[in-house]
Trainee: 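Could you have a look at this structure, given as structure tokens, before my questions?
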Amino acid sequence: MSTSSSTHPAPPAAAAPAEAGVNYGLVFGILAVLVLLVAPFGVYPVFLMKVMCFALFACAFNLLLGYTGLLSFGHAMFFGGSAYVCAHTVKVLGFSPELGLAAGVLFSVVLGFLAGLLSIRRQGIYFAMVTLALAQMFFFFCLQAKFTGGEDGLQAVPRRALFGLIDISKDINLYYLVLAIFVFGFLVIYRAIHSPFGQVLKAIRENEPRAISLGYRVNQYKLLAFVLSAALAGLAGSTKVLVFQLASLTDVAWQMSGEVVLMTLVGGMGTILGPVVGAAVIVTMQNYLAGLGEWVLVIQGVIFVLAVSLFRRGFVGEIIAIAQQMKARKSQG
Amino acid sequence: MFELLGIPPQALFGQLLLGLINGAFYAMLSLGLAVIFGLLNVINFTHGAQYMMGAFGAWMLLNYLGIPFWGALVLSPIIVAIIGMAIEKTLLKRLYHLDHLYGLLLTFGLGLIIEGLFRRQYGSSGLPYNNPLPGGTNLGFMFLPNYRAFVVVASLVVCIATWYVIERTKLGSYLRAATERPDLVQAFGIDVPRMITLTYGFGVGLAALAGVLAAPAYQVSPTMGSNLIIVVFAVVVIGGMGSIMGAIITGFGLGVIEGLTKVFYPEASSTVIFVIMALVLMVKPAGLFGTAK
């Protein structure tokens, strides 16, 4: 049937992609980290830190949407809520940065558990609306509560020394802290997805009744995924406070929940790198288009509509699809 | 009794009336969402923007063409509904075979576009719209402004008429059948795609009609929709999505509860609906009038 090089039949061809895939991934990961290590010498570090904070936020969100099939429309409550907690503990209570981060994450875990308990009782669109409504309730709470500073937010959060040793008031030092946090969060998600736990999540996404009939306690898995996602979103929000020294109502508003959906959608939901790419694209766009005022909203909306109508797989998803097509063509000879 | 609680009856009834009016808008908007959801299985996230377009439609008709409120009350919803049907024909239609979440995301994006365009053109602050029914009646225990009474009555009429058409007429039975088995209804010679388009148009028209009614009561502003719609989503979750009656009763009921909260514990007035939602979800996850799914 075949003429030339494809004399090796099925077994090596089947084994090779899996093996090569892991190697490629590892090589790519190491390269990416190397690039990120030297990046702040070429690009404005604060911009890169902003990208990493939102990339972590989007990755955390994607764990829920892309791998569990749950569209949360209220993730701003974890991002912004823990930002407030981190800012308040560091600024008012005098916590060190690492304790501030821990307080923020702890808050997200508790809030995520409570919100998860309520929202996972509904599915699909209902789930989206319940999370949205809960987040809105939290928004009004933040608007009225005294410690959040109302419309002003919490400004000028001090950047104290990390562990009392490392001076993070310098952008470049803080950059490496944010990079470490981002890589840590990314690896946590990577591990979670490539574990039996992650397999069960995917099974729930594909066919929930079947997962139930196989004996999995689906609600417990969903809740755990929800809390994990909330915790990492909280880590992203708290880290953002250290970068911008600010926690404000923007972080808890529903537009923020929409933005993280957009990032994930544009990058490619259900892919491990998609949210990172999506966050980079959207944050870059916002930075360069900031002068256009209200047009930013319109452009975001247009991207939303285009992404949903034309390229539903997102940037990374489309690239993967093209690569698979090429591979399939090659293996056909 | 009111004096015992330290609240004058004037303030109490005033807030009750305000709550009833807010409830009228909640009811009309969640009704429109329910109608669209019933046949299209799409949560119409553009609903808030379409409500705002209705109000702006009235404002534009008056300021650019000199068409007064009563003309706009008919024209504006029709225009917005036609725009809605064009959106359904070109964009929404292509998503029906996919996960329902895509419909939600598409309409969310559309909402951003519409709100952004209006904010760019008219700024974020409100534009005034004159009250077409000035004056009011003194009921003895309170003063009832004519226009507010009109809004409540008009909304009740529209809601009950919609309920009657869907639950009690032949057209409504086709609609309900099409939500269950579109293929079967199609086989009986009914043009289901056209029915879907018209239903979407009707739901959008309801939102726009609410917008026209809101224009004199509040102000016309690009953000009026996005501020209101999330409360309406909570109303929908509480009422249970499948039920037309649920949308109407919950809408009015929650408006009144919100008004009463404003009298007795003002700090909680913006969150009380969400608190009720959390409570209802704990007891009845499908909502008060919804069927478990």
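Letters go in sequence order (proteins before strands), and every chain restarts at 1.
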Trainee: For each of Leu101(B), Val42(B), Val237(B), tally heavy-atom pairs with chain A at distances under 4.5 Å, and name the one with the top tally.
Mentor: Leu101(B)
Trainee: Heavy-atom count around Tyr216(A) OH within 6.0 Å, excluding the residue itself: above 12?
Mentor: no
Trainee: When rounded to the nearest 0.5 angstrom, what is the spacing between NE2 in His100(B) and CD in Gln123(A)?
Mentor: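 If we round to the nearest 0.5 Å, His100(B):NE2 and Gln123(A):CD are 11.0 Å apart.
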Trainee: Against chain A, label Tyr102(B) side chain, backbone, both or neither, depending on which of its atoms sit under 4.5 Å from a heavy atom there.
Mentor: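 For Tyr102(B), heavy atoms of backbone and side chain both lie under 4.5 Å from chain A.
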Trainee: Return the minimal non-hydrogen interatomic distance between Thr271(B) and Phe140(A), and the atom names on each side.
Mentor: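 Reported closest heavy-atom pair: CG2-CB, 3.5 Å.
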Trainee: Between Phe233(B) and Tyr126(A), is the ring-ring contact (aromatic ring centres under 6.0 Å, His included) condition met? List the steps.
Mentor: CA-CA 10 Å; Phe233(B) 282 148; Tyr126(A) 296 92; over 10 Å; no
Trainee: For residues Ile113(B) and Phe304(A), determine if any side-chain heavy atom of one lies less than 4.5 Å from a side-chain heavy atom of the other.
Mentor: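 Sidechains of Phe304(A) and Ile113(B): no contact.
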Trainee: Have a look at Met137(A) and tell me which of Ile273(B), Val275(B), Val272(B) forms a side chain to side chain contact (heavy atoms under 4.5 Å, CB included) with it.
Mentor: Val275(B)
Trainee: Measure Leu262(A) against the heavy atoms of chain B and call it side chain, backbone, both or neither at under 4.5 Å.
Mentor: neither
Trainee: What distance separates Leu105(B) CG from Leu71(A) CG, expressed to the nearest 0.5 Å?
Mentor: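 The CG atom of Leu105(B) sits 5.5 Å away from the CG atom of Leu71(A).
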Trainee: Quick check, are the ring centers of Phe139(A) and Phe274(B) under 6.0 angstrom apart?
Mentor: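 No - the distance between ring centres of Phe139(A) and Phe274(B) does not fall below the 6.0 Å cut-off.
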Trainee: Under a 4.5 Å heavy-atom cutoff, which of Val298(A), Leu117(A), Leu143(A) has the most pairs with chain B?
Mentor: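 With the most close heavy-atom pairs to chain B, the winner is Val298(A).
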Trainee: Below 4.5 Å, heavy-atom pairs only: which of Ser226(B), Gly103(B), Ser124(B) has the largest tally toward chain A?
Mentor: Ser226(B)
Trainee: Which region of Leu104(B), side chain (C-beta onward) or backbone (N, CA, C, O), has a non-hydrogen atom less than 4.5 Å from a non-hydrogen atom of chain A, or is it both or neither?
Mentor: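 Just the side chain, heavy atoms under 4.5 Å.
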Trainee: Measuring from atom CZ of Arg312(A) to atom CG of Asp99(B), what distance do you get when rounded to the nearest 0.5 angstrom?
Mentor: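 Those atoms lie 11.0 Å apart.
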Trainee: Need one label for Phe138(A): side chain, backbone, both or neither, based on atoms under 4.5 Å from any heavy atom in chain B.
Mentor: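 Nothing of Phe138(A), per the 4.5 Å heavy-atom cut-off to chain B.
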Trainee: Distance from Arg122(A) atom CZ to Leu281(B) atom CG, nearest 0.5 Å?
Mentor: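 Atom-to-atom, Arg122(A):CZ and Leu281(B):CG are 7.0 Å apart.
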Trainee: Roughly how far, to the nearest 0.5 Å, is the OG atom of Ser269(B) from the CD atom of Gln144(A)?
Mentor: 6.5 Å
Trainee: With a 4.5 angstrom heavy-atom cut-off, which part of Ile114(B) approaches chain A: side chain, backbone, both or neither?
Mentor: neither
Trainee: Give, for atom CG of Leu297(A) and atom CZ of Arg120(B), the distance between the pair rounded to the nearest 0.5 Å.
Mentor: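 The CG atom of Leu297(A) sits 12.5 Å away from the CZ atom of Arg120(B).
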Trainee: Work out which heavy atom in Met277(B) is nearest to a heavy atom in Val130(A); give both atom names and the distance.
Mentor: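 Where Met277(B) meets Val130(A) most closely, the heavy atoms are CE-O, 4.0 Å.
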Trainee: Could you tell me whether the side chain of Gln136(A) reaches within less than 4.5 Å of the side chain of Val231(B), counting heavy atoms only?
Mentor: no
Trainee: To check you understand the geometry: which heavy-atom pair defines the closest contact between Met282(B) and Arg121(A), and what is its length?
Mentor: O-NH1, 2.9 Å
Trainee: In terms of heavy-atom proximity below 4.5 Å to chain B, should Val261(A) be classed as side chain, backbone, both, or neither?
Mentor: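 Only the side chain of Val261(A) comes within 4.5 Å of chain B.
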Trainee: Could you tell me which non-hydrogen atom of Ser309(A) sits nearest to which non-hydrogen atom of Leu91(B), and how far apart they are?
Mentor: OG-CD2, 4.0 Å
